[in-house]
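See structure below.
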Amino acid sequence: TGTDTVVAVNDLTCTYGGRTPFDAVKNLTFSVQRGELYALLGTNGAGKTTTLETVEGHRSASSGTVTVFGDSPTDRPAVRPRIGIMLQESGFAADLTVLESVRLAGSLSGRQDDALRLVELLDLGTKKDTRMAQLSGGEKRRVDFCSAIWGSPELLFLDEPTTGLDPAARDRLWDVVADLRANGATIILTTHYLEEAQKYADRIGLMHRGTLTREGTLQQLVAGEASRISCIAPS
Ligand code: ATP
């Protein structure tokens, strides 16, 4: 029902300016229901990050509408307290420690949490006083994730959350995601890993050149593929 719709994207187009304007996202429509994990999957440049950043309010739509909990995502006072965001590029200052970074980023949400608890949750306890400049890429990504889940947001945006993480860290991240979902969180993520989308997503949106080419549960996507194949296969 409508009241369970957390995110509604309707006919969204996102155009990057410049000498030759380019529609990175074109006439995109999809919605995400409360408690769902929705995965955007697609090739480099398909428009996944642009979509995610527009839905979480980081950039504005060129045309079409986006609502998050019934509000425009660019209405930060309404939306920011309810969402957590992990982008591909983190904006952490190099000279802040891990704990300071998580605390600072978390405080922007307006929610309360304990930085040490989060850092230990992602196996970064021994790095808690290390400066960001001295972390590995995968460790930085885990700090990003800690900041995003600060205060257990109702809606979590994760842009390629497991890229650059070793297998143990990936498993740990998915365990934490499962705990958040058990408490009712809704999650939208982008990934290049089909196996992760298969394993963890309730629904998958396949993007190509700014549009959704297919969408559904894994079973629906597989069934769609089968019927397409049977159409062209000789009987
Ligand atoms: P990836 O898997 O590589 O992260 P993506 O699906 O997330 O890709 P986007 O980052 O959304 O794709 O990019 C979509 C398209 O928009 C690409 O063709 C990209 O070159 C273009 N694009 C992205 N950012 C800008 C920008 N700031 N200015 C102009 N074009 C951009």
Side-chain angles (χ1 to χ4, degrees), residues 7-32 36-68 72-74 76 79 83-92 105 136-145 147-148 155-167 169-170 173-174 177 186-216 218 221 224-225:
V7 168
V9 175
N10 191 24
D11 206 20
L12 174 69
T13 295
C14 302
T15 309
Y16 288 110
R19 207 166 299 158
T20 45
F22 173 72
D23 293 337
V25 172
K26 203 165 168 52
N27 306 119
L28 188 70
T29 298
F30 71 99
S31 60
V32 180
E36 256 193 321
L37 192 153
Y38 188 98
L40 285 171
L41 202 70
T43 50
N44 289 137
K48 304 179 297 295
T49 295
T50 304
T51 301
L52 198 85
E53 291 186 354
T54 308
V55 177
E56 56 89 350
H58 191 76
R59 55 178 79 253
S60 44
S62 304
S63 66
T65 58
V66 179
T67 60
V68 172
S72 166
T74 54
R76 296 319 258 172
V79 172
I83 66 176
I85 307 162
M86 177 184 183
L87 296 179
Q88 267 181 50
E89 302 276 320
S90 67
F92 290 125
S136 75
E139 288 164 351
K140 281 189 195 136
R141 293 299 285 155
R142 282 143 69 189
V143 173
D144 267 340
F145 180 76
S147 307
L155 171 62
L156 188 57
F157 294 94
L158 304 172
D159 199 353
E160 295 189 29
T162 57
T163 297
L165 265 57
D166 64 46
R170 281 168 73 169
L173 183 143
W174 287 115
V177 165
T186 306
I187 298 170
I188 302 181
L189 62 85
T190 73
T191 182
H192 283 290
Y193 302 122
L194 178 62
E195 72 279 12
E196 287 191 341
Q198 285 177 332
K199 198 164 167 190
Y200 301 108
D202 297 308
R203 281 191 302 144
I204 298 170
L206 289 180
M207 281 194 80
H208 183 64
R209 294 189 185 171
T211 64
L212 267 188
T213 52
R214 270 192 265 156
E215 184 193 52
L218 180 64
L221 293 183
E225 191 62 40

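Order of listing sets the numbers, starting from 1, for every ligand and every atom in it.
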* Polar contact flag for Ala24 and ligand 1 (N/O pairs, less than 3.5 Å) -> no
* To do: Would you check if Tyr200 and Val177 make a side-chain contact, meaning some heavy-atom pair closer than 4.5 Å?
  => no
* Say whether, by atom type as modelled, one donor and one acceptor occur between the side chain of Thr190 and the main chain of Leu40 under 3.5 angstrom. => no
* Closest approach of Val9 to Val55 (non-hydrogen atoms, all atoms of both residues) -> CG2-CG2, 3.8 Å
* Structure fact -> among protein heavy atoms, the one nearest atom 26 (C) of ligand 1 is Tyr16 CD2, 3.4 Å
* Any chance you could measure Tyr38, atom OH, to Leu189, atom CG, to the nearest 0.5 Å? => 11.0 Å
* Asked: Can you find an N/O atom of Gly47 closer than 3.5 Å to an N/O atom of ligand 1?
  -> yes
* Beyond-backbone contact of Lys140 with Phe92, side-chain heavy atoms, under 4.5 angstrom -> no
* To do: Return yes if some donor-acceptor pair links the side-chain N/O of Arg141 with the main-chain N/O of Gln88 below 3.5 Å, else return no.
  => yes
* For ligand 1, is any non-hydrogen atom under 4.0 Å from Asp159's backbone (N, CA, C, O), its side chain (CB onward), both, or neither? -> neither
* Ser62 side chain to Thr15 backbone, donor-acceptor under 3.5 Å -> yes
* If you have a sec, work out which protein heavy atom is nearest atom 11 (O) of ligand 1 and how many Å separate them, to one decimal? => Thr50 OG1, 2.5 Å
* Structure fact -> Note: ligand 1 atoms sitting under 4.0 Å from heavy atoms of Glu160 are 2 (O), 4 (O)
* Number the atoms of ligand 1 from 1 as they appear, then name those within less than 4.0 Å of a heavy atom of Thr43, with their elements. => 2 (O), 6 (O)
* Can you find an N or O of Gly42 that's nearer than 3.5 Å to an N or O of ligand 1? -> no
* Asked: Taking atom types as modelled and ignoring hydrogens, do the side chains of Thr13 and Asp23 form a donor-acceptor contact shorter than 3.5 angstrom?
  -> no
* Asked: Can an N or O of Thr51 be found at a distance shorter than 3.5 Å from an N or O of ligand 1?
  -> no
* **Within-cutoff protein neighbour (heavy atom, under 4.0 Å) for atom 16 (O) of ligand 1** => yes
* Run the contact test for His192 against ligand 1 with a 4.0 Å cut-off on heavy atoms, strictly below, and give the result. => yes
* Identity and separation of the nearest protein heavy atom to atom 3 (O) of ligand 1 -> Asn44 ND2, 2.8 Å
* **Numbered atoms of ligand 1 (with element) below 4.0 Å of Ala46, judged on heavy atoms** => 5 (P), 6 (O), 12 (O)
* Structure fact -> CD1 of Ile188 to OG1 of Thr186, rounded to nearest 0.5 Å, is 8.0 Å
* Would you call Glu56 and Arg76 a salt bridge, using N to O less than 4.0 angstrom? -> yes
* **More than 12 heavy atoms of other groups within 6.0 Å of Glu89 CD** => no
* Asked: For atom 19 (C) of ligand 1, is the nearest protein heavy atom under 4.0 Å away?
  -> no
* What protein heavy atom sits nearest atom 8 (O) of ligand 1, and how far away is it? -> Gly45 N, 2.8 Å
* Report the member of Leu52, Thr163, Thr49 with the shortest heavy-atom distance to atom 10 (O) of ligand 1. => Thr49
* To do: Check each heavy atom of Gln88 against ligand 1 and say whether those closer than 4.0 Å belong to the side chain, the backbone, both or neither.
  => side chain
